[in-house]
Protein chains: 2
Amino acid sequence: MHTQTITAPATTVLNAPRAPVPSSADQFSIIASCSGIIATEFTYGKDEEIYGEGEPSEYVYQVIQGAVRTYKLLSDGRRQIGAFHLAGDVFGLDPGTSHRLTAEAISDTTVRLVKRRSLEAAAGSNVRVAHNLWTMTAGDLRHAEDHMLLLGRKTAMEKVATFLLEMDRRLAKAGMMALPMCRRDIGDYLGITLETVSRALSQLNDQGVLVFSSARQIVLRNRQRLADMDA
Amino acid sequence: MHTQTITAPATTVLNAPRAPVPSSADQFSIIASCSGIIATEFTYGKDEEIYGEGEPSEYVYQVIQGAVRTYKLLSDGRRQIGAFHLAGDVFGLDPGTSHRLTAEAISDTTVRLVKRRSLEAAAGSNVRVAHNLWTMTAGDLRHAEDHMLLLGRKTAMEKVATFLLEMDRRLAKAGMMALPMCRRDIGDYLGITLETVSRALSQLNDQGVLVFSSARQIVLRNRQRLADMDA
DNA sequence: CGAATCATTGATGAAAATCAACCCCGGTGG
DNA sequence: CCACCGGGGTTGATTTTCATCAATGATTCG
């Protein structure tokens with residue numbers, strides 16, 4: 001870890017995995033429990049770096065609580081966020097020796113982490129584990145392929161519509177979405193500026209497609225309209 | 001295969017793989033030979049579809065000769081090309097039951113193909129094979145991550161500079177690059193229009209960074225300048 | 001309460017898309 | 001052999017979208 005300033009890690013052997021939510025997360029739980037792998041929990045503060053682009057990839061992570069952004073930078077600071085990782089999501093699984101993106105906590109975030117070395121060892125003896133690792137990487141690839149289409153060919157409004165539907169699907173509770181990230185993060189994810197994000201959201205609000213409780217608390221009123229927009 | 005109008009397939013058992021060029025290709029050769037897997041060759045004509053988005057993924061392919069584009073479409077026809085596949089490259093390896101992009105031959109193209117089912121079977125018994133499949137998918141993911149940065153955050157000129165360096169690396173022979181794809185394909189790969197591609201290339205030509213033999217035959221004169229541009 | 005951060009909104013500008021014309025070159029057929 | 005045809009490529013004029021610059025408003029948090 002890079003800055004131990006936040007919270008003391010608590011090491012535990014996983015035996016009764018707390019199943020969070022989605023299917024890709026369960027794969028990780030299966031791997032972790034099946035193999036008697038040692039998992040550790042750790043908490044990062046808001047905006048704290050979890051790992052940097054190019055660093056040796058020593059651990060694989062699962063978000064327990066909070067949210068993480070992974071991104072690349074150009075030399076002048078322009079940033080492209082490749083993905084947001086929410087509760088249950090696995091990240092940092094870069095086959096190869098080093099991380100290809102930087103990971104940062106968006107808000108205070110607790111992760112479970114396992115040594116990549118032990119995962120690879122498990123994969124060497126257990127075909128199920130190997131297959132799950134492959135499947136998880138393939139899931140990341142699918143997302144990246146969809147996101148290339150968005151970045152390269154969708155308009156600003158279509159990008160925002162797609163984003164809202166994605167977040168609605170992934171983190172809506174009781175019809176309400178509590179976005180963990182700021183407008184700049186959203187813009188850097190969608191390849192537009194924060195002002196353009198704000199204008200698109202305001203316009204959707206004016207049209208009655210969504211309602212704000214606060215800037216980051218959103219209720220979708222017309223998912224079909226959004227789906228139509230997203231082309 | 002979808003249209004058999006072109007060339008009769010020739011089925012052969014692979015024993016002495018003709019090692020084409022790069023490392024990712026060799027992994028495929030290793031898999032194919034290691035496992036006594038049956039490979040078939042097939043040739044597609046220019047612009048012929050190899051498989052369509054959403055179709056069941058029955059085969060995995062390796063380009064023997066020619067070039068392939070894989071892409072996604074929006075409902076109104078806007079297209080995002082995710083990758084170009086050149087001699088030696090493997091494509092169509094989508095874990096899951098269906099292809100997530102459409103694949104088309106850019107020029108007359110010969111591919112080697114193996115049944116995905118037999119690959120998966122081999123992966124189930126041979127850890128090396130399983131690891132190679134994972135590594136190949138991870139290679140696609142790395143490319144997609146780099147390309148998201150390009151699509152979301154680079155300027156038109158930076159995109160073209162990056163493209164030229166990529167193609168130079170992948171297909172230059174004797175300092176000369178023979179591009180198999182048209183300006184529209186390049187634009188749809190970079191998320192810009194064919195006119196913008198043309199203007200950027202003309203400007204680079206004016207600056208002496210490159211020289212055209214013909215529209216698709218390019219010699220790079222100053223790779224450092226290009227690398228600087230690509231930020 | 002006040003400072004800082006985040007978000008919204010408006011005015012202006014710049015990059016790239018679009019629309020349009022023309023050119024170049026290879027292939028075909030008179 | 002050469003004219004013509006058509007697709008691909010280039011270049012120019014104009015429009016559009018989104019970025020940038022700037023000011024103000026809302027929340028959160030010491």
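Scope of the values below: all heavy atoms of this structure, side chains included, with no hydrogens, waters or symmetry mates. Reminder, nothing fancy here: chain letters follow the sequence lines and each chain counts from 1.
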Given atom [atom1] of [X] and atom [atom2] of [N], what is their separation to the nearest angstrom?
X: A:Leu204; N: C:dT9; atom1: CG; atom2: P; value: 12 Å
X: B:Arg78; N: C:dT18; atom1: CZ; atom2: C1'; value: 14 Å
X: B:Arg79; N: C:dA17; atom1: CZ; atom2: C1'; value: 17 Å
X: B:Leu150; N: C:dA16; atom1: CG; atom2: P; value: 12 Å
X: B:Leu179; N: D:dG8; atom1: CG; atom2: P; value: 15 Å
X: B:Met181; N: D:dG9; atom1: CE; atom2: C1'; value: 16 Å

> Any side-chain hydrogen bond (donor to acceptor under 3.5 Å, both in side chains) pairs touching residues 199-209 of chain B, not counting sequence neighbours?
Replying inline: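 Every side-chain hydrogen bond (donor to acceptor under 3.5 Å, both in side chains) pair that includes a residue of residues 199-209 of chain B, provided the two are not neighbours, is B:Gln207-B:Arg225.
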
I'd like to know if [X] and [Y] make a salt bridge, using a cut-off of under 4.0 Å between side-chain N and carboxylate O.
X: A:Lys46; Y: A:Asp108; value: no
X: A:Glu53; Y: A:Lys72; value: yes
X: B:Asp89; Y: B:Arg170; value: yes
X: B:Arg69; Y: B:Asp185; value: yes

>> Would you say the rings of B:His85 and B:Tyr61 are close, in the sense that their centroids are separated by under 6.0 Å?
In response: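 They do not qualify: ring centres at least 6.0 Å apart.
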
>> I'd like to compare against my own output: the B/S/- annotation of nucleotides 10-26 of chain D with a strict under-4.0 Å heavy-atom distance to protein.
In response: BBBB----SSBB-----

> Has A:Arg216 got a side-chain N or O lying under 4.0 Å from the OP1 or OP2 atom of C:dA7?
Replying inline: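 Checking C:dA7 against A:Arg216, a side-chain N or O does come within under 4.0 Å of OP1 or OP2.
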
